[in-house]
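Model, not experiment: these values are computed from the prediction.
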Amino acid sequence: MPELRTMTYQVSDLARHYREVVDNAKHEDTLIRDKDGETLVMLSLDRAQRDRSIAGIASDFTRLLRAVAMSDEIGVVNSGRFSFASLLPADMRSEMVDETYAALQVAQSGGSMVSLHDVIEDWIATAEVWADTGLREEIFEDADNPPADVLI
């Protein structure tokens, strides 16, 4: 696990240097060491929500990866927010896993969460189209103009 980039304060610093402690916590994780030896982490609400969101996505993604590796279709269906992957054929599922992995790595390293959510939403839309046989046939019926990925 990567080390936190932190500043450490004693609990008594909260009263005497509260402004410094709070200002520091706005920019980096801040440790508060209590007299009983317990260490607390102070960080912004945005950072805490971001970390929790990434952890949830990573947990569901790990379940998906395990299910895919074991060819466990029930596991794919039970992979939380990635259950839509059960609607995709194997080659598309592999592409979805690769794109999601790359976006998750960017988000985890401090990059855009929007990109990660966009990748997931795009693949949900793809799975919904793939699951609707009539719509899929309509999209693929024009052999002269096959569907293509669109980059914005």
Side-chain angles (χ1 to χ4, degrees), residues 1-132 135 139 147-152:
M1 186 165 143
E3 287 292 316
L4 292 174
R5 189 177 69 104
T6 63
M7 183 66 160
T8 303
Y9 295 93
Q10 298 301 318
V11 74
S12 59
D13 292 332
L14 290 174
R16 288 181 282 164
H17 305 288
Y18 73 92
R19 178 51 41 208
E20 177 186 336
V21 173
V22 169
D23 287 345
N24 192 72
K26 290 178 181 180
H27 303 290
E28 64 181 348
D29 296 341
T30 300
L31 300 181
I32 309 294
R33 188 161 297 127
D34 202 352
K35 293 175 186 176
D36 65 2
E38 183 81 21
T39 301
L40 306 169
V41 178
M42 179 185 273
L43 60 146
S44 70
L45 179 60
D46 286 343
R47 172 69 191 275
Q49 289 172 332
R50 175 189 175 82
D51 289 354
R52 183 168 285 178
S53 178
I54 289 173
I57 292 169
S59 177
D60 289 349
F61 190 64
T62 301
R63 277 190 281 169
L64 173 66
L65 291 176
R66 184 175 190 278
V68 168
M70 299 178 75
S71 299
D72 175 10
E73 287 302 312
I74 300 295
V76 173
V77 170
N78 292 322
S79 62
R81 75 190 84 217
F82 293 101
S83 62
F84 67 86
S86 65
L87 303 172
L88 298 170
D91 60 331
M92 290 177 85
R93 194 179 291 169
S94 292
E95 186 179 346
M96 185 273 301
V97 164
D98 290 345
E99 285 184 24
T100 304
Y101 176 80
L104 185 57
Q105 291 302 304
V106 169
Q108 188 277 327
S109 65
S112 175
M113 287 292 291
V114 172
S115 296
L116 175 58
H117 290 296
D118 286 350
V119 165
I120 294 169
E121 290 300 317
D122 288 349
W123 278 106
I124 289 171
T126 300
E128 289 171 350
V129 168
W130 195 259
D132 184 335
L135 181 57
I139 289 172
D149 289 340
V150 177
L151 298 176
I152 297 175

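Taking the side chain as every heavy atom from C-beta outward, Arg63 and Asn78 never approach each other to under 4.5 Å. In this structure, the side chains of Glu20 and Asp23 stay at 4.5 Å or more apart for every pair of heavy atoms. At a threshold of 4.5 Å between non-hydrogen side-chain atoms, the residues Val106 and Leu116 do not count as touching.
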Before you tell me yes or no, could you show the steps for Ile124 and Arg81 under side-chain contact (heavy atoms from CB on, under 4.5 Å), namely the whole-Å CA-CA distance, both residues' side-chain angles and the distance that decides it to 0.1 Å? CA-CA 9 Å; Ile124 289 171; Arg81 75 190 84 217; over 6 Å; no

Does the pair Asp29 and Arg47 meet the rule for a side-chain contact (heavy atoms from CB on, under 4.5 Å), with working shown? CA-CA 9 Å; Asp29 296 341; Arg47 172 69 191 275; 3.2 Å; yes

Walk me through it: do Phe82 and Ile57 pass the test side-chain contact (heavy atoms from CB on, under 4.5 Å)? CA-CA 9 Å; Phe82 293 101; Ile57 292 169; 4.0 Å; yes

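In this structure, the separation between CG on Leu104 and CD on Glu99 is 13.5 Å, given to the nearest 0.5 Å. We find the CG-CG distance between Asp60 and Leu65 to be 11.0 Å, quoted to the nearest 0.5 Å. Atoms CG and CD1, from Asp13 and Ile32 in turn, are 7.5 Å apart once rounded to the nearest 0.5 Å. Interatomic distance, CZ of Arg33 versus OG1 of Thr39, reported as 4.5 Å (0.5 Å rounding).
Here the closest heavy-atom approach between residue Ser112 and residue Ala107 is recorded as O-CB, 3.9 Å. Residues Trp123 and Leu88 come closest through the heavy atom pair CE3-CD1, 3.8 Å. The two residues Met42 and Leu14 have their closest heavy-atom pair at CE-CD2, 4.4 Å. Arg93 approaches Val68 most closely through the heavy-atom pair CD-CG2, 3.7 Å. Shortest non-hydrogen contact noted between Pro89 and Trp130 is CD-NE1, 3.1 Å. Across Leu43 and Ala48, no two heavy atoms sit closer than the pair CD1-N, 3.5 Å.
Looking at Ser53, its side chain never comes within 3.5 Å of a backbone N or O of Gln49 through a donor-acceptor pair. Counting only distance, with no hydrogens or angles, the side chain of Thr100 and the backbone of Asp98 share no donor-acceptor pair below 3.5 Å.
Residues meeting the side-chain hydrogen bond (donor to acceptor under 3.5 Å, both in side chains) test with Asp34, sequence neighbours left out: none. With sequence neighbours left out, Arg16 forms a side-chain hydrogen bond (donor to acceptor under 3.5 Å, both in side chains) with Ser12.
Heavy-atom neighbours of Arg52 CZ from other residues, nucleotides or ligands within 6.0 Å: at or below the threshold of 12. Applying the 6.0 Å contact sphere to CZ of Arg50 captures more than 12 heavy atoms from other residues, nucleotides or ligands.
Leu64 pairs in a side chain to side chain contact (heavy atoms under 4.5 Å, CB included) with only one of the listed residues (Ser59, Ser86, Ser79), which is Ser79.
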